[in-house]
Participant: 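Please see the structure below; I have some questions.
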There are 2 protein chains.
Amino acid sequence: MVSAPLPAVAARPDGKKEKESDSKARLRLWIRLLRASRLIEGMARERLKAQFGATLPRFDVMAALFRQPDGMLMSEISRFLMVSNGNVTGIVDRLVADGLVARSQRNGDRRTSFITLTRKGHAAFAAMAAAHESWIDELLGGISARDAEQMSTKLKSFRSDWEGEA
Amino acid sequence: MVSAPLPAVAARPDGKKEKESDSKARLRLWIRLLRASRLIEGMARERLKAQFGATLPRFDVMAALFRQPDGMLMSEISRFLMVSNGNVTGIVDRLVADGLVARSQRNGDRRTSFITLTRKGHAAFAAMAAAHESWIDELLGGISARDAEQMSTKLKSFRSDWEGEA
DNA sequence: GCTTGAATATTCAAGTTTGAAATTTTTCTA
DNA sequence: TAGAAAAATTTCAAACTTGAATATTCAAGC
């Protein structure tokens with residue numbers, strides 16, 4: 001996904017802006033978006049491992065749980081993180097083994113399990129989150145807060161347009 | 001990475017804008033960036049599989065090779081795609097097994113191998129790339145071409161600031 | 001000619017990820 | 001209420017991914 005070939009479709013001879021170049025502009029944006037994501041993810045992965053012995057997927061799951069002190073269902077976690085169900089199962093398994101999160105039953109439904117951060121997990125995540133925020137600020141420092149807000153707003157526009165199976 | 005907890009650090013009582021809220025704005029941008037990437041990747045993965053029986057990593061490698069008809073070294077591919085060396089080895093192995101790319105020797109250096117698209121791979125990628133471009137255009141349609149160009153430019157700014165081991 | 005060091009790629013273990021199939025439990029309906 | 005359908009999760013195989021360790025080859029220096 002990093003590099004779809006840009007010069008695949010030629011521009012119109014008359015040189016007017018039209019659907020075609022628009023498509024190229026969006027494709028370019030997508031490539032930049034993806035490269036930016038990979039860069040930031042790579043940095044965060046490296047530092048999480050070096051400074052906290054943690055991995056990115058674990059951080060993600062803990063971040064989700066941190067926002068919901070009452071706990072989350074497995075399916076809520078996977079929907080929020082936009083990853084598959086089976087994926088979350090494995091990550092939570094390992095987090096449970098490390099004593100960072102806990103599975104528990106609620107509301108009498110034996111299909112579901114509520115996942116919560118343990119006290120230990122809460123403390124561990126708080127430390128990572130503070131560092132994480134400063135890493136992002138450092139890496140995105142070249143983008144002004146105003147630009148960041150503008151881009152955030154624009155990126156929201158296609159959030160729910162496609163939810164799988166379009 | 002999808003959700004670092006935003007309300008971790010409080011704003012100043014005086015209400016002035018300062019470093020702190022800037023950090024939050026950038027963190028918000030990063031979260032949006034990542035969610036957008038996951039959404040688009042998920043869509044592309046699903047359609048590549050359904051319509052072409054291909055995977056995203058294979059598409060990425062083929063896209064890189066498509067841009068360089070003379071071939072690329074393994075290390076060039078991994079640097080361009082920002083993934084690890086060992087990763088590319090496995091993907092290329094499978095692409096070779098499917099007859100889509102070929103390994104060959106060049107310039108007398110027996111350490112290196114030049115990877116090129118086969119004729120079959122070239123044709124297969126061309127078809128996928130055209131579809132891919134229209135998917136992106138469809139999904140990013142809510143963003144104007146002008147906005148897309150502006151965002152692309154701003155996203156370039158922190159490309160080379162961090163290249164691993166900062 | 002050696003031998004050290006750099007460059008390039010592969011191998012490997014551990015973890016992540018998907019998507020489909022299977023399991024368990026609940027809910028609906030005839 | 002029995003049975004079908006739905007919901008939530010787990011299981012599983014295949015593929016991907018990293019990062020460290022290893023192997024191979026090349027380039028210099030001695």
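By convention in this document, chain letters (A, B, ...) are assigned in the order of the sequence lines, proteins followed by strands, and residues within each chain are numbered from 1.
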Participant: dC26(D), OP1 or OP2 - any side-chain N/O from R110(B) closer than 4.0 Å?
Facilitator: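 R110(B) to dC26(D) OP1/OP2: side-chain N or O found under 4.0 Å.
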Participant: Using whole Å, report how far CG of L73(A) lies from C1' of dT26(C).
Facilitator: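 Computing the L73(A):CG to dT26(C):C1' distance gives 14 Å.
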Participant: Whole angstrom is fine here: how far is it from CZ in R106(A) over to C1' in dT9(D)?
Facilitator: 18 Å
Participant: Rounded to the nearest Å, what distance is computed from the CG atom of residue D98(B) to the P atom of nucleotide dA14(D)?
Facilitator: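 Interatomic distance, CG of D98(B) to P of dA14(D): 15 Å.
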Participant: Please list all pairs meeting ring-ring contact (aromatic ring centres under 6.0 Å, His included) that have one or both residues in residues 89-124 of chain B, counting only residues at least two apart or in different chains.
Facilitator: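 Matches after skipping sequence neighbours: F66(B)-H122(B).
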Participant: Any side-chain heavy atom of L65(A) sitting closer than 4.5 Å to one from I77(A)?
Facilitator: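 L65(A) reaches I77(A) side chain to side chain.
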Participant: Would you mind reading off the distance between M72(A) atom CE and dT9(D) atom C1', rounded to a whole angstrom?
Facilitator: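 Computing the M72(A):CE to dT9(D):C1' distance gives 15 Å.
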Participant: Would you mind reading off the distance between E41(A) atom CD and dG15(C) atom P, rounded to a whole angstrom?
Facilitator: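 Result: 19 Å.
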Participant: Show your reasoning for whether salt bridge (Lys or Arg N to Asp or Glu O under 4.0 Å) applies to D98(A) and R58(A).
Facilitator: CA-CA 11 Å; D98(A) 290 347; R58(A) 285 152 111 109; 2.3 Å; yes
Participant: Taking the six-membered ring for Trp and the single ring otherwise, decide whether the centroids of F125(B) and F59(B) are under 6.0 Å apart.
Facilitator: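 When the ring centroids of F125(B) and F59(B) are compared, they turn out to be within the sub-6.0 Å range.
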Participant: Below the 4.0 Å mark, does dT18(D) have OP1 or OP2 next to a side-chain nitrogen or oxygen of T55(A)?
Facilitator: no
Participant: Any side-chain heavy atom of E41(B) within less than 4.5 Å of one from W30(A)?
Facilitator: yes
Participant: Counting only heavy atoms not in R103(A), do more than 12 fall under 6.0 Å of its CZ?
Facilitator: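 It does: R103(A) CZ has more than 12 such atoms within range.
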Participant: Using the closest heavy atom to pick a nucleotide of DNA chain C for each, name whichever of G90(A) or S75(B) lands nearer the 5' end.
Facilitator: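 Per heavy-atom nearest nucleotide, the more 5' residue is S75(B).
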Participant: Please work out if R103(B) contacts a base, only the sugar-phosphate, or nothing of the nucleic acid, heavy-atom cut-off 4.0 Å.
Facilitator: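 Sugar-phosphate: the residue R103(B), judged by heavy atoms under 4.0 Å, touches backbone atoms but no base.
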Participant: Which whole-number value in Å describes the distance from F114(B) CZ to dT8(C) P?
Facilitator: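 Atom CZ in F114(B) sits about 11 Å away from atom P in dT8(C).
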Participant: Do you reckon L73(A) sits in the same ILVMFWY cluster as M82(A), going by side-chain contacts under 4.5 Å, direct or chained?
Facilitator: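 No.
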Participant: Give one of base, sugar-phosphate or nothing for R58(A), where a contact means two heavy atoms less than 4.0 Å apart.
Facilitator: sugar-phosphate
Participant: Mind calculating the distance between CE (M74(A)) and P (dT23(C)) to the nearest angstrom?
Facilitator: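 Taking CE of M74(A) and P of dT23(C), I get 19 Å after rounding.
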Participant: Strictly below 4.0 Å: does T89(A) bring a side-chain N or O up to OP1 or OP2 of dT9(D)?
Facilitator: no
Participant: Taking C-beta and beyond as the side chain, do M62(A) and M128(A) meet within less than 4.5 Å on heavy atoms?
Facilitator: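 Side chain of M62(A) against side chain of M128(A), heavy atoms only: contact under 4.5 Å found.
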Participant: From the set dT8(C), dC16(D), dT16(C), return the single nucleotide nearest to any side-chain atom of P57(A).
Facilitator: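 Selected nucleotide: dT16(C).
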Participant: Collect all protein-nucleotide pairs involving nucleotides 19-21 of chain D in which both atoms are nitrogen or oxygen and the distance is under 3.5 Å.
Facilitator:
none

Participant: If you restrict it to nitrogen or oxygen atoms, what contacts under 3.5 Å exist between nucleotides 3-7 of chain D and the protein, and what is each distance?
Facilitator:
| residue | atom | partner | partner atom | Å |
| --- | --- | --- | --- | --- |
| dA7(D) | O4' | R111(A) | NH1 | 3.3 |
| dA7(D) | N3 | R111(A) | NH1 | 3.2 |

Participant: Do the non-hydrogen side-chain atoms of D137(A) and K24(B) ever get within less than 4.5 Å of each other?
Facilitator: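 D137(A) does not reach K24(B) side chain to side chain.
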